[in-house]
Amino acid sequence: MWPGSMSPYCAAARTTYNSEARALVDQDYYWVTSVLWLIEGQSSLRYGRAWRKMTTPLLMRQTLRTTPKIPTPKDDRIILHFDYDCFYASVFENETPALKALPLGIKQKSILATCNYVARARGVKKLMLISDAEKICPELVLRNGEDLTRFRDVSKRLWSFLRSHSWNRKVERLGLDEVFLDVTDIVEYNVQLLNPNALVHSFFQLSEQDPEKGFSFDASAFFGCTIPPKRPDGDGATLGNHPAYARLLVASHLAGYLRHKLEEDFGYTSTCGVSTNKVLAKLAGTKNKPKNQTTLLNLHEGDALAFMDEWQIRKIPGMGFKNSQLVENHILQRPSEAVPHDHEHAVKITTREVLAHPGMSPGLLEKILGGPGTERGIGDKVWNMLHGVDNAGVKEASDIPTQISIEDTYVTKTLNTQAELMRELHALARSLIRRMRVDLVVAEEDDNSYPLTGETAAQKWLAYPKTLRLSTRVKSRPSVMDGSQQAPPRDNYYNRSSRSSPLPTFVFSLKDGIDYVAERLVNEAILPLFRRLHNERHNWNLALVNICVTNMVPTGNEDGSVGGGRDISKMFKTQGAKLKEFTVYSNDPPAPVATAKPNSLRGLSNSSENSAAVASQGPTGDARVVANDHDDHDQQMEDIEAEGTAMAWDDDDDDDGECRRCPECGQRIPEFAMSAHRRFHALGD
DNA sequence: TGGCTAAAG
DNA sequence: GGTTCTTTAGCCA
């Protein structure tokens with residue numbers, strides 16, 4: 001298969017790109033002089049160039065005027081893109097293997113979030129209405145996927161596995177079911193290891209230290225599919241004469257191995273794309289789904305472009321609905337009002353058509369897509385993407401999410417009463433605290449360094465979120481009053497409004513139960529925010545409530561997370577300062593006569609367990625400072641309870657004066673919250 | 001900080 | 001009859 005005349009791979013693998021410089025004159029591109037190229041700052045001595053052939057002087061003038069720059073492909077990286085096959089469905093199938101043989105759909109409220117391939121074979125599609133799906137496939141087995149916990153857990157496990165095979169920690173998760181890996185280093189290392197005389201019996205070393213750790217593979221062929229399909233007789237590029245070829249080939253085997261392990265060890269089949277940047281890897285992967293992989297052989301200038309040509313621009317990651325439609329409207333010379341704007345109108349146009357459009361250039365794209373409020377440099381970015389050039393790096397793995405949020409929608413039955421609100425707020429707050437403890441707390445390995453915790457299972461926070469945010473969305477009521485044609489504003493994502501405040505530090509106490517912390521969070525922080533959003537005491541018509549913690553301050557530790565936050569006592573001091581602001585703010589509107597204290601937790605907060613231990617695990621070990629600070633906060637919180645909360649539903653109070661003692665916990669509960677409170681007891685955890 | 005938009009799965 | 005639940009990122013004032 002390999003001509004004997006080819007040079008040894010080891011030498012070839014070290015060949016620089018200079019030796020690969022080539023001109024592609026046989027495509028209908030423009031000629032641009034290299035001088036022009038240099039003037040434009042696009043010079044590249046390392047890479048070959050695509051020369052665009054100009055056929056007419058007119059075109060030449062046009063080209064020189066608009067100077068479309070053909071982006072320089074940077075193909076010195078190797079990127080893998082993993083996509084777990086119908087992930088949500090697979091999670092349920094792994095829990096209950098009998099489901100594998102049945103058509104399975106995962107629902108979220110009234111829509112089908114996803115379904116397995118058995119269901120797809122019967123015509124069921126993702127994002128269908130449940131009612132439609134059941135019509136098409138009455139035997140469809142449905143599972144509820146509104147609670148994402150199980151998916152998050154599995155996603156994290158699979159991600160950790162992939163991460164454990166990375167040398168550079170560049171392992172980026174996209175959603176729950178996709179992962180990018182930059183494997184340039186590990187692949188390059190293994191290319192050097194290839195023995196040209198024994199390709200069939202190659203060994204892939206997964207560890208630089210331990211040469212035994214790895215797997216055998218056959219380097220005489222690609223693993224999985226390739227684009228273009230590899231002809232058995234070869235097509236010129238070989239392991240010996242093309243470095244990118246060797247890297248992609250070796251990478252295809254790594255991808256195959258990782259996919260195999262994901263399936264064997266975890267039970268998840270996946271699809272993988274192998275290429276030199278994120279966009280290409282992701283697109284390549286979609287060519288053979290499910291349970292397969294595809295390596296894009298973009299070995300020569302123009303290969304990436306040829307690959308991109310066929311794609312509808314809407315399918316290119318990063319090209320969303322809005323931008324695709326703007327481009328299509330321009331190409332088809334269609335006024336933007338001409339297309340139905342309400343529903344997602346399919347954008348059909350392909351990369352080829354866009355690039356063939358007269359005068360197309362980064363500048364023109366900037367004109368089409370740019371403007372106030374839009375991303376700067378969008379023209380260049382899209383232009384590059386259409387050429388298969390994507391310089392975005394794979395982000396380094398971080399254990400710390402930038403934000404944790406939890407929300408629920410109330411589409412059929414909006415929230416209107418305080419009881420309903422309290423019930424939902426408590427439920428959301430409990431989920432949030434649970435999530436914070438799962439995602440932000442880790443076991444502390446070194447137990448003697450924290451004698452002050454006095455706890456058996458030493459745990460600590462990876463990061464402390466500083467900010468709490470509450471967002472709501474109200475469902476617009478059809479206006480009965482005016483018969484005008486004015487359509488009511490659409491109830492969409494963007495009709496949210498939000499308020500934020502510092503996150504009280506008691507949420508970091510791991511000693512207290514979730515319910516207790518959640519209850520306090522609702523009463524002491526979320527309700528005040530709610531009142532800043534809604535003056536009315538009821539009839540808000542809430543269609544959505546979201547609570548979110550963000551603004552993470554890493555505690556700074558061994559795990560490679562970005563530094564800062566070393567000194568925890570300092571961190572709590574800042575929080576203290578913030579909390580003072582908070583207190584002031586809460587009192588800012590002249591506090592009304594506090595006749596009653598709705599939601600007061602005084603009964604509970606007097607109990608001795610309540611004192612503290614917030615951050616007793618702080619790495620500084622400065623217990624005194626921390627504890628003092630915390631006491632401060634407690635005091636402030638008491639203040640807020642006494643005044644802030646009472647202020648909250650201020651003015652004309654007719655019913656909030658009455659509080660009753662809960663027979664179960666003895667807490668004083670305002671009348672309106674009593675039913676919610678009882679349910680709270682009934683639910684247990 | 002908060003509003004708003006866009007995109008992703 | 002019905003569009004879920006998030007996360008990230010960017011611009012603007």
Side-chain angles (χ1 to χ4, degrees), chain A residues 81-88 105-114 126-133 144-149 151-152 155 172-180 278-279 282 286 314-326 342-344 369-378 381-382 385 392 395 398 400-414 428 431-432 435 439 466-473 475 489-502 529 532-533 543-552 578 581-582 585:
Chain A
H81 173 259
F82 289 88
D83 188 336
Y84 314 131
D85 300 324
C86 38
F87 182 57
Y88 287 7
I106 310 305
K107 61 177 235 174
Q108 285 175 334
K109 298 280 157 68
S110 61
I111 63 159
L112 194 68
T114 190
K126 283 199 244 185
L127 303 180
M128 260 182 171
L129 288 177
I130 298 292
S131 48
D132 291 347
N144 190 315
E146 285 162 36
D147 180 355
L148 305 182
T149 311
F151 311 132
R152 242 183 315 250
S155 174
E172 181 182 345
R173 224 157 29 133
L174 183 56
L176 295 177
D177 71 332
E178 294 182 30
V179 178
F180 286 103
K278 285 164 76 169
V279 164
K282 181 161 173 166
T286 65
R314 178 64 241 261
K315 307 276 190 206
I316 300 170
M319 287 298 287
F321 168 63
K322 298 275 182 184
N323 286 343
S324 302
Q325 201 178 59
L326 283 171
D342 44 343
H343 279 303
E344 182 122 344
L369 303 172
T374 60
E375 193 181 337
R376 267 172 299 235
I378 182 92
K381 201 180 123 186
V382 169
M385 262 185 345
K395 290 198 224 15
S398 166
I400 302 171
T402 60
Q403 162 188 323
I404 297 175
S405 83
I406 180 109
E407 72 187 28
D408 205 349
T409 51
Y410 314 98
V411 48
T412 46
K413 197 181 174 310
T414 57
L428 291 174
S431 304
L432 184 75
R435 280 278 316 276
D439 292 357
K466 277 196 311 196
T467 306
L468 173 72
R469 175 158 54 233
L470 173 74
S471 315
T472 61
R473 189 181 72 209
K475 186 176 182 149
R490 217 157 71 95
D491 294 319
N492 59 26
Y493 177 91
Y494 308 108
N495 293 353
R496 292 166 178 226
S497 23
S498 70
R499 293 293 181 270
S500 38
S501 69
L529 287 176
R532 285 212 263 148
L533 278 169
L544 173 143
V545 177
N546 171 297
I547 51 183
C548 164
V549 289
T550 180
N551 226 332
M552 302 288 174
K578 283 273 175 139
E581 278 173 49
F582 178 51
Y585 189 96

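Every chain is numbered from 1, with letters handed out A, B, ... down the list of sequences. Computation of the quantities below employed the complete heavy-atom set of this structure, encompassing side-chain atoms and omitting hydrogens, waters and symmetry-equivalent molecules.
- Residue L174(A) contributes atom CG, which lies 7 Å from atom C1' of dG9(B) at whole-angstrom precision.
- For T409(A) and dT3(C), the shortest distance from a side-chain N or O to OP1 or OP2 is not below 4.0 Å.
- Between R173(A) and dT7(C) there is no side-chain polar atom (N or O) within less than 4.0 angstrom of OP1 or OP2.
- Across all strands shown, D83(A) has no heavy atoms under 4.0 Å from either base or sugar-phosphate atoms.
- In terms of phosphate contacts, S405(A) brings no side-chain nitrogen or oxygen within less than 4.0 Å of OP1 or OP2 of dT6(C).
- Counting non-hydrogen atoms under 4.0 angstrom, I404(A) reaches the backbone sugars and phosphates but no base.
- Checking the phosphate oxygens (OP1, OP2) of dA7(B), a side-chain nitrogen or oxygen of N323(A) falls inside 4.0 Å.
- Looking at heavy-atom distances under 4.0 Å, K395(A) makes contact with sugar-phosphate atoms alone, never a base.
- Here L470(A) lies out of heavy-atom contact (under 4.0 Å) with every strand.
- Following rounding to the nearest Å, L112(A) (CG) and dC5(C) (P) show an atom-to-atom distance of 14 Å.
- What separates CZ of R469(A) from P of dT7(C) is a distance of 12 Å, to the nearest Å.
- Of the two residues contacting DNA chain C, namely G373(A) and R435(A), the nearest-nucleotide position lying further toward the 5' end is that of R435(A).
- Using a 4.0 Å heavy-atom criterion, one finds that T374(A) contacts the sugar-phosphate atoms exclusively.
- L176(A) comes within 4.0 angstrom of nothing in the nucleic acid, heavy atoms only.
- A distance-only check finds a donor-acceptor pair linking the side chain of E172(A) to the backbone of K395(A) [under 3.5 Å].
- Going from atom CZ of R314(A) over to atom P of dA7(B) covers 7 Å, rounded to whole Å.
- Here R376(A) reaches the OP1 or OP2 of dC11(C): one of its side-chain N or O atoms lies under 4.0 Å away.
- Counting only heavy atoms from C-beta outward, the side chains of K109(A) and E146(A) approach each other to under 4.5 Å.
- Close to dA6(B), at under 4.0 Å from its OP1 or OP2, lies a side-chain N or O of K322(A).
- Between the CG atom of N546(A) and the P atom of dT7(C) there is a distance of 8 Å, rounded to whole Å.
- Taking atom CE on M385(A) and atom C1' on dA8(B), their separation rounds to 13 Å, with Å as the unit.
- Close to dG1(C), at under 4.0 Å from its OP1 or OP2, lies no side-chain N or O of S110(A).
- Using a 4.0 Å heavy-atom distance criterion, T114(A) is classed as making no nucleic acid contact.
- When atom types are taken as modelled, the side chain of T402(A) and the backbone of T550(A) share no donor-acceptor pair closer than 3.5 angstrom.
- One can place CG of L544(A) at 8 Å from P of dC5(C), the figure rounded to the nearest angstrom.
- R152(A) has no side-chain polar atom (N or O) that falls below the 4.0 Å cut-off from OP1 or OP2 of dG9(B).
- Rounded to whole angstrom, the span from the CG atom of N551(A) across to the P atom of dT8(C) amounts to 13 Å.
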